[in-house]
Every structure is written in C-alpha cells, then in structure tokens.
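Down below is the structure, laid out as structure tokens.
As the structure lists them, so they are numbered: ligands from 1, and atoms in each ligand from 1.
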Amino acid sequence: MSKKLVILGAQWGDEGKGKIVDLLSEKFDISVRYQGGSNAGHTVVIEGVKYIMHLLPTGILHPHNVGIIAQGMVVDLKALQEEIEDIEAKGNKILHKLYISDRAHVVMPYHKLLDKLFEKKNGVGTTLRGIGPAYMFKFMRKGIRMADLFDKKVFENRVKENIEFVKDIAEKVFGEKFEIDWKYIDEEVIKPFQMFKDRIIDTAKYLRENNKSVIFEGAQGTLLDIDMGTYPFVTSSNSSALGLANGTGLSPKYFSDAKIYGVAKAYLTRVGGGPFPTEIFGEEAEILREKGGEYGATTGRPRRVGWLDLVALKHSVDVNALDGIILTKLDVLDGYPEIKVCVGYEYNGKVYTDFPASLEVLENCKPIYKTLPGWKESTKGITDISKLPENARRYLEFIEKYIGVPIVMLSTGPQRHEYLFLKEIV
Ligand code: IMP
C-alpha cells in the first residue's frame, strides 16, 4: 500500500521539524521538499553526527530514501552543492539518489543582492537568501528554471535581461551602483550545475509513476505562509498544506489519502519582524530563550519568544486540515510554576478567537491568557507516557480540547530517541 505523509510547521517555523521528519522518514521510500529554499534550516543529529539541512529533504539521509527537490522550490545551486559536499564528507553518499525538478526555479546571485536592498527599506527581516526576489522573478515570468540551464542561449539572454533590470532597480530606486560580473554567475550557477545535470528530471511524473511511500516535508511554518500567514511578514511561498499541489506539480486528488501533521512547540518563537501577540520580553524572555536554545539554525539570530498561542495554532489546524499535532520542546517548560496559554485576542473591546487577517489587529491586540499550573518534574527524554507529570498531561489535554485535534507525538529532547507516540501516526 502506498502511504503519503505530510509534516509541516504549525507556527512560525523552527518548530523542530528536522528531528521529527528524520524519525518518521525512516519508513518511507521517497522524501520531498516542495516550497521555500535555503531559508530553511533543519537540524538533525544521527549517531552523534550533526547535519543542518537547508535545501535537501531530511529523509534523504536514510540510505534507502530517494530525495526530491520539487518544482515549488527556489534553489541556490551553490548552496546545494555545499550542502551535499558537507553531507558526503561525513560519509553519507546521497547525490545519486537525489532528483531535482526541471521546473524548479534557480536563485541567482542578483536575487540575493535584491533581498539585501529590499530589506533596507521597511524590510520584514528575511534570511537574505534571495527567496523573495527569486519568487518575484518567477511570478514576473522572468525567472530561470532548471530546464533553462540546459540551453546556453536561452540562459544567457535571460540573465542579461535580468541583470539590466536589477541594475535599474538598484540604481534608480536605491541609488546604489550595481555591477555583476559573469564570474559570479559562473561560480554560483554554471559550475555547480555541472554536478546536478543528470539529476534534473520531471519530478511530478516520477512521483505519479512510482507507487511508493512518500513523505512531504514542509519548510518554515503555516504562520509564514504567503496567503495564510501574518502578511506581509511572511515568506514568499505557500508553507502551509496549500503549497502541496502547486509545489509538487501533483493534483490535489493525489493528496486525498494523505495524513497531515503539524509540528508545534509547546511555547512559541519567531525570527524576523512581524506581529507576535504572545511575545514576552526582558528577563522572562531571556530565560525561555536560553532554556530552549532559541537561536536560528540558518542565520544564528536570537529568536523572539513567547507563550503558546492557541488562536494561531487552531488557525493552523484549520488551514491545513491537520490530523494531529506533534508537540516539541515540552521539556523546556519543566520547572515553571505556572504556564500561560493564549485563548483569545482582545482588540478595541472586541474578543477574537479566529485568527485575524488584519495586521493592525494582530499587532495591537492584547492576548487573553489562561494560566495553567506547571510541573516540577523533568520531562526531558521521557519515552513512556506514564512518566508524564500530571500537570503536563493537563497542559496537553487543554491544548487538544481547544484545537480539536489530538497531540499524536511528543518530542522530549534534542536526541533522536527522546520522543513518545500518544497515537498511531500512519
Ligand atoms: P525569507 O523566507 O528569507 O524571505 O524571510 C521571510 C520571513 O520568514 C522572515 O521573517 C524570516 O525570518 C522567516 N523565515 C524564513 N525561513 C524561515 C525558517 O526556516 N524558520 C523560521 N523563520 C523563517
């Protein structure tokens, strides 16, 4: 029987998807990344070896697992080359079982430059990996796809045209001189492409024709989705389940029997700008950040931290039609005498329990908290449900009741074995 499993972020990214996907992908034949690019950073520790995955699906680390970079991604070829070389240097050969969609777009050096320029004027705090501009070029119909790299003439003409366009923006809008040497195009695109030439195929066809088990790995999180997130403080792709069909090139019908789980932290973090109703500050924030080790895997930036927001989490459950939640970092809350959870927002005398589209409301609302008793015992590394402290269990039950779907799995520490299932997943 073929199995389809989707694992995606239910918050603002950094929920700990790397470890979860690593564990779950072991049983799957194929793993697929379908949106975003090297803005992602999924950390996995296997037998003491640490890997940080940016572009590759995490499942590819398993010897039998075929990895796919599908058409919805924007790919920095140089970054991909370095990622593969780094993994292979650790003794894990993967290139021969990677496929890249011929329709995926290429992140060009000038996209990264534009990302920097755009950030200078009312930026949203991007990862500066060129993601937004690469998608911008895609939708302007000026992008470069993997297939174009096989045709020197098409490629060179398109790049020349793009460079003129970027020059104009840099000089006329930002007053900055912009020179791009072909040397960069050669170094960052043409040379790395040689490594991938025979790995580029129609990946949608491959998936349609291979009746195998497939795990789809979302990057970022639902609250960063270009349509369903806290726009404009979002990434430039559909990082919720909405991105599955266009990101893979497969009909929504293909996913009708898929199970979809959202990964969420037991509290909340975000990197970059944008609304965060339950954010905490000062010493309280410092303590949580240190306990949770909340520093970005891609950029090293300290993450903003706050209490679990159930209004936002319920939004994720609804948007993605989640079958359940995988809750991570519960152990970070060990020792708190009390734990707050947000159950509504108050703005202008009105109470919101549906996640608002309005940035104004999200930025200026006051969270309504329910305070639950904490637990003194350590949950770190527990793998047995009977070891879960009574108040931790109550915390989980409170979340489940509010969001209306079960918590199916708990991650109780960074190590691979530190988890427990509360329900069967697939
Ligand atoms: P971009 O994706 O680099 O354009 O950045 C847009 C927003 O998404 C910024 O707030 C980033 O911090 C955030 N973001 C992008 N990728 C990730 C991720 O993998 N984890 C968390 N936040 C991310």
Side-chain angles (χ1 to χ4, degrees), residues 7-21 33-44 51-58 72-76 79 83 105 107-108 110-139 143 217-240 243 247 262-265 267-276 279 289 292-306 312 316 328-329 359 362-363:
I7 301 294
L8 46 79
Q11 295 163 328
W12 277 297
D14 308 318
E15 299 92 348
K17 294 181 289 295
K19 172 185 153 178
I20 302 299
V21 171
R33 271 277 311 268
Y34 54 93
Q35 46 72 227
S38 59
N39 47 351
H42 297 158
T43 311
V44 194
Y51 300 92
I52 300 184
M53 316 296 281
H54 293 289
L55 284 150
L56 292 164
T58 303
M73 287 190 72
V74 288
V75 184
D76 179 335
E83 191 171 325
H105 279 245
V107 174
M108 301 294 290
Y110 45 81
H111 293 145
K112 286 185 259 186
L113 179 117
L114 280 179
D115 208 352
K116 274 198 202 115
L117 285 182
F118 292 162
E119 278 299 292
K120 284 190 178 171
K121 277 193 187 170
N122 300 321
V124 302
T126 74
T127 59
L128 302 177
R129 298 297 191 271
I131 307 301
Y135 281 114
M136 170 183 146
F137 275 58
K138 170 176 174 173
F139 287 101
E217 307 180 10
Q220 292 83 48
T222 303
L223 304 176
L224 287 170
D225 183 283
I226 183 88
D227 291 302
M228 307 312 290
T230 49
Y231 190 88
F233 295 94
V234 289
T235 192
S236 298
S237 65
N238 282 116
S239 46
S240 72
V263 184
K265 262 180 209 170
Y267 51 98
L268 196 52
T269 63
R270 122 164 257 178
V271 274
F276 184 171
E279 184 168 15
R289 186 176 301 114
E294 296 297 351
Y295 297 89
T298 299
T299 58
R301 290 182 284 180
R303 296 178 183 141
R304 299 159 65 192
V305 295
S316 269
T328 61
K329 294 194 147 185
L359 191 65
L362 281 167
E363 272 178 342

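Taking each heavy atom of Ile20 and Ile7 in turn, the nearest pair found is CG2-CG2, 4.4 Å. Shortest non-hydrogen contact noted between Trp12 and Leu224 is O-CD1, 3.4 Å.
Judged purely by distance below 3.5 Å, without hydrogens or angles, the side chains of Asn238 and Gln35 never pair a donor atom with an acceptor atom.
Tyr231 is linked by a side-chain hydrogen bond (donor to acceptor under 3.5 Å, both in side chains) to nothing, counting only residues two or more places apart in sequence or in another chain.
A side chain to side chain donor-acceptor pair (under 3.5 Å) check over residues 111-121, counting only residues at least two apart or in different chains, returns the pairs Asp76-Lys112, Lys112-Glu188, Asp115-Thr126, Lys120-Glu176. Every pair passing salt bridge (charged side-chain N to carboxylate O under 4.0 Å, His left out) that includes a residue from residues 10-21 is listed here, sequence neighbours excluded: Asp14-Arg303, Glu15-Lys17.
Within 4.0 Å of ligand 1, contacts by protein heavy atoms are made from Trp12, Asp14, Asn39, Ala40, Val124, Gly125, Thr126, Thr127, Gln220, Leu224, Val234, Thr235, Val271, Gly272, Arg301.
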